[in-house]
Each structure stands twice: as C-alpha cells, then as structure tokens.
Amino acid sequence: MRQTDIPVLISGGGPVGLATAVELAHHGVRSMVVEPRESVSWLRPRAKTTSARSMELLRRWGLAETLRARSPLAVSWSDAAVFTTGLLGREITRIGGCFGLDLTGSDLAAEPGQQVPQPIVEEVLREAAGDALLTGWRVAGLREDADGVTVDLTSAAGDTREVRAAYVVGCDGARSVTREAIGARYEGRQDARPNFNVVFRAPGLADRVPHGPAVHYWVLNPAQPGMLGRLDLEDLWWCIAQGVPATGTDPVRLVRNLVGADVEVEILATDPWTARMLLADRYSGGRVFLAGDAAHQNPPYGGHGFNTGIGDAVNIGWKLAAVLNGWAPASLLTSYEAERRPVAAATIEAAAANMATLAPELADPALMGSEPEFERVRPAVAEAVRRTKDSEFHSLDLVLGYTYDGSPVVAGGCGERLPHRWLAPGESLYDRLGPAFSLVGDLSSPQAKVLVERAAELGVPLREVDLPDAPGTLALVRPDQHVAWRSSAPGDAAHALDLAVGRPS
C-alpha cells in the first residue's frame, strides 16, 4: 500500500489521539491513528485523574461506565487527600471532595471524576478506536498542499509507507514531528526542581495505613517530602518525590522514607522528570492541527494534563467531521485555535500556581518532633495546606466552567458548557442531545421554527430537545455541549446557526 486516501490521519495513539479518532467515529468519519507502541505499558501510568468533564465526554461516546468498571478504584472509594508526616505517620489534615469525585448525582455534572491510571484509559479508547489504530508505525514527516497532506510513515523494522490524508491531527507529544512540520514552536518555561516518580509493589502496606482510603497521601517530612497513592486495591502504588535528582537516587530508600518504615518494596519503574509550562505559538497550518502535549504542557498538579487534551480532541474532532460531512465550510476549523489555546493557557497558569506550594514548602521540622511539638505546629501547617492547596483539589471553575465566549463561531456572551441537570433518575439532559447540534428549551418559540428551518436549508443535523419547564428560553448547543447561541444573546436566530458552523455572514 503506497498511497491511501484517509479523511483524517492522527499522529500519536495516546489518550488524546485515540479520543480524536473516537470523536470522529462518533460522527461517522474514518481516521487512521499511527502509534509506535504495539501495546500499552503499565510501567509509567502517568495521569491518574480523569476529570468530571472528560467523563462527561466519555459518556457521549458510551464509554464512561466501561472506564469505571475497569478502574481498580471505584469512584465511591475515596475523594480525600490526606497530609501526613509519613504514610504510616501522623495525620496533619485532610481535604475532601477532591477532583470532582464527590459529584455523583449532583446537578453540576453528568459524571463525577474518576481516579484511574492512564493505561486503562488508553486500553478502553484503543478498543473503541478499533481498526482505526495502526501500531508499530510512526509519522516521520509530512507535506501539506492545497488539497491534502502527504504523510511519510516508518515502521520499527524500517519499512516505509506513504499515506494521503485530507487532514492531519498531531497528538504526538512533546517531541512532535507534526509541530515541527508546520513551523510551530513552544513558548514558556521549565521548572528548575527535579522530580522522581516510582511505581512499586508493597505487599501488605495498605493494611498498615492508619489514615483510611485517600486518592493522595502528601508526606510533609522535610527530609523526604512527596506524595503517594494507590494504583489498585492490592499492592500496587505510585509516588512522586520532589527535589530528587535523576542520578544517585535509591528508589527503595526513597519509598521507605515516604512510608516511614522499612517496608518490603519491589520497584517496577522509575521516571525522573521536570515540570514544563509550554504552549505552542500556533495550533495549526492549513490542514494540520496540534492537540494535547504537542500543543501544550503543564505541571501535573490539579490533574489537568491529558484532560485538557481530551477537550482538544472533541473540539477539533467535531469540527473536522462537520467539514468532511459537508455541513460546515472549512473556515469553521480556524475557530479551533481561537477556542482551545486560551483554555490551555489558563490551565498552564493554574497548574503552575498549584506547583508553587508543594510538600517541601509545607513541611516543618517540628512536625517530625515529639507529640507536643507536632501539636504546636500542626494547626498552622493545616491552615497553610488549606490556603494553598484548596484550588488544586477543587477546580471545577476551570474543569467545568471554561467558556468559548469571544470565539468567532459563538454568539456574544455565549460559549459556556450547557448547564447540566437531571431529567429523571439516571437520565441526564446531556443524554437527550444529538451527536451534532441540538436545539434545547421552549420549542414553541418562533425562534425555534426559524432555527429548525435554517438547519434544514444548510443540511446541518439538528436534534430538538423540548423542555416544557423552560418557557421562553432557547439554546443552540454544539456537538461538544457548549452553547453557541441562546435566545437572550445579541443577534437574531436567523443567523445563529450560520455563525455556529463558521459560515461568513
């Protein structure tokens, strides 16, 4: 196969690339995901928090329950972060309601967050992507022209293949070939402090922890600050030690220091890293787009990393599908960068603010002293924890509250995620929405008739969702559940749909 016509080629089969393929398939568009890794490795689980917003998007694809069923930690298991002198040491304070894990049944969201290792997320998305996934190959280069993109693929064995695609989405990470090909570059900074991740097995350790279940255990020991958590309910754990260099570190001793005892430890993987706050200066060429780490990188504190990439995937995915399915002009695609780059910039700054105060900054030597010394400083340390870390664990304003107001395809004052509510037990308002656009609210309104007729003229798929208890209100909702126009917005309904699909006025 020297040359193949593919509507969309996706470079990189991590969670963002796979999510892009699943979103395209959601709209009936074929893609090819090119990924060098034949299988998913558990040795470096990376992200562990799937946000409430990402879970809502997984619900759109029918995958939320699948992911929850696969997760070793049920969402009901814990929503707490515990701050201690050591995993087996004294508790200083705790923060509840972390990462939206307490949102089950709340009107705020259709789904709570979920603690689940990234490999499980990838496995679920690989299954959903199906034969769109091509493993054992990588994108070596690409050439864009007015009619498409020619992509050079190379296999691990050195074989080469040329593929022709209408569009390319680069989800190929920090060393993105796609980003280089379109001449984009990172802007930003790198944190000077080294970090050291360890994945380890510790038989029986969980039974000795005196603090109960928690998604994070923060160790505020000045001699060895860091954090730990469980990867399953058996013996698998992760930890991050801050201020630890890549060389000369004994991972067994590091784990034992964080635990506070000479426990039995089997080291499975280590991963030294430094935090980066980077944002691509542009997100696209003409037919090539960047998503996920290829476009932005942020510190992991707050759990926003790959979740921001899932938002990228849905945004560019539905827009590419609209163009390829013929109901939107190519000009719609220019709104991708306008919408997603500001979200990434805000996320980077929020994560960097979370990183400003970590375990080393919160640790106090007196915490490790006698019981009277500990009790003397504990209230002040607990207050510092609550003051500096609350936004890290309670960030729904960022996770659920970001808006596309100001986008060229959104009416003035709109762009927010459609406010969620439950219509019946287990039935979300979001479950009523169509895969493309939806008209939600009082369908007896004259404006509703105008929009329905215009959608028919343009060939835009439009599902009508009548809410009898919302008289006089009407919202035009995009495929990504964001509001493109509402009846109270400036401008009339006749132009609302044209604007939302990128048609020039």
Side-chain angles (χ1 to χ4, degrees), residues 7-10 15-31 33 53-54 56-63 110 125 128-129 132 165-171 283-284 287-292 295 307-341 343 402-404 407-411 414-418 430-440 455 458-463 465 475-485 496-503:
V8 182
L9 185 137
I10 300 163
V16 177
L18 294 166
T20 305
V22 174
E23 178 66 19
L24 288 164
H26 185 63
H27 300 284
V29 173
R30 292 188 304 118
S31 66
V33 183
R53 183 63 185 135
S54 292
E56 288 182 336
L57 297 173
L58 283 158
R59 184 183 181 114
R60 288 170 68 250
W61 302 325
L63 298 177
L125 291 175
Y167 295 96
V168 168
V169 182
C171 305
Y283 271 32
S284 70
R287 290 177 170 269
V288 181
F289 302 86
L290 305 177
N307 291 294
T308 309
I310 298 297
D312 295 343
V314 171
N315 192 293
I316 190 59
W318 81 256
K319 291 172 180 175
L320 284 171
V323 172
L324 289 164
N325 285 332
W327 52 264
S331 57
L332 173 65
L333 301 175
T334 62
S335 67
Y336 169 64
E337 178 176 329
E339 292 184 349
R340 292 304 301 173
R341 194 170 184 273
V343 172
Y402 65 83
T403 176
Y404 296 140
S407 164
V409 296
V410 166
C414 299
E416 77 281 7
R417 165 182 158 273
L418 178 70
Y430 291 176
D431 298 338
R432 296 257 187 108
L433 303 180
F437 277 80
S438 300
L439 191 57
V440 180
L458 298 177
V460 176
L462 181 68
R463 178 173 294 179
V465 182
L476 180 65
V477 182
R478 310 188 326 175
D480 58 4
Q481 300 168 344
H482 282 257
V483 176
W485 171 91
L497 197 62
D498 292 74
L499 177 69
V501 298
R503 290 190 175 274

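Each residue takes its place number in the sequence, starting with 1.
Listed for the Arg463 side chain is a donor-acceptor partner under 3.5 Å among the backbone atoms of Leu433. With Asn315 contributing its side chain and Gly311 its backbone, the two residues share no donor-acceptor pair below 3.5 Å. The main-chain N or O of Gly502 is found under 3.5 Å from a side-chain atom of Ser331 such that the two form a donor-acceptor pair. Using modelled atom types, one side-chain atom of Ser407 and one backbone atom of Val409 make a donor-acceptor pair closer than 3.5 Å.
Side-chain contact between Leu333 and Phe289 is present, with heavy atoms from C-beta onward closer than 4.5 Å. In this structure the side chain of Val343 reaches within 4.5 angstrom of the side chain of Tyr404, judged on heavy atoms.
Using a 4.0 Å cut-off between a side-chain N of Lys or Arg and a carboxylate O of Asp or Glu, Arg59 and Glu56 do not qualify as a salt bridge. Comment: Asp480 does not engage Arg60 in a salt bridge, judged by the lack of any side-chain N to carboxylate O separation of less than 4.0 angstrom.
The two residues His27 and Pro435 make their nearest non-hydrogen contact at CE1-O, 2.8 Å. Scanning both residues, Ala166 and Leu324, for their nearest heavy atoms gives CB-CD2, 4.2 Å. The minimum heavy-atom distance between Val483 and Ala475, with the atom names listed, is CG1-CB, 4.3 Å. The nearest pair of heavy atoms linking Trp327 to Ala436 is CZ2-CB, 4.0 Å. Scanning all heavy atoms of the two residues, the minimum distance from Ala484 to Ala500 falls at CB-CB, 3.8 Å. For the pair Ala411 and Leu499, the tightest heavy-atom approach, listed with the atom from each and the gap, is N-CD2, 3.6 Å.
Between the CD1 atom of Ile310 and the CG atom of Leu125 there is a distance of 6.0 Å, given to the nearest 0.5 Å. Put simply, CG on Leu320 and CD on Glu23 are 10.0 Å apart, with the number rounded to the nearest 0.5 Å. Arg503 CZ to Leu332 CG: the interatomic distance, rounded to the nearest 0.5 Å, is 10.0 Å. Once rounded to the nearest 0.5 Å, the distance linking OG of Ser31 with CG of Leu24 reads 5.0 Å.
Legend: salt bridge (charged side-chain N to carboxylate O under 4.0 Å, His left out) pairs involving residues 308-317, not counting sequence neighbours, sorted by first then second residue: Asp312-Arg340. For residues 324-334, the set of pairs meeting the salt bridge (charged side-chain N to carboxylate O under 4.0 Å, His left out) definition, not counting sequence neighbours, is empty. Listed by first and then second residue, the salt bridge (charged side-chain N to carboxylate O under 4.0 Å, His left out) pairs involving residues 318-337 are Lys319-Glu339 (not counting sequence neighbours).
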Enumerate donor-acceptor pairs with a distance under 3.5 Å from any side-chain N or O in residues 15-22 to protein atoms, sequence neighbours excluded.
residue : atom : partner : partner atom : Å
Thr20   : OG1  : Val16   : O            : 2.9

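The ring pair (Phe, Tyr, Trp, His ring centres under 6.0 Å) check on Tyr283 picks up Tyr336, with sequence neighbours excluded. By the ring pair (Phe, Tyr, Trp, His ring centres under 6.0 Å) test, Tyr430 is found to be paired with His420, residues two or more places apart in sequence or in another chain being considered.
Among Arg53, Glu416, Arg417, the one residue that satisfies the side-chain hydrogen bond (donor to acceptor under 3.5 Å, both in side chains) test with Gln481 is Arg53.
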_side-chain contact (heavy atoms from CB on, under 4.5 Å), that's the test. Do Tyr167 and Ile316 meet it? Break it down for me._
CA-CA 11 Å; Tyr167 295 96; Ile316 190 59; over 6 Å; no
_side-chain contact (heavy atoms from CB on, under 4.5 Å), that's the test. Do Thr308 and Tyr402 meet it? Break it down for me._
CA-CA 11 Å; Thr308 309; Tyr402 65 83; over 6 Å; no
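Using cut-offs of 30° and 60° for the angle between ring planes, the Trp318 and Phe437 rings count as perpendicular.
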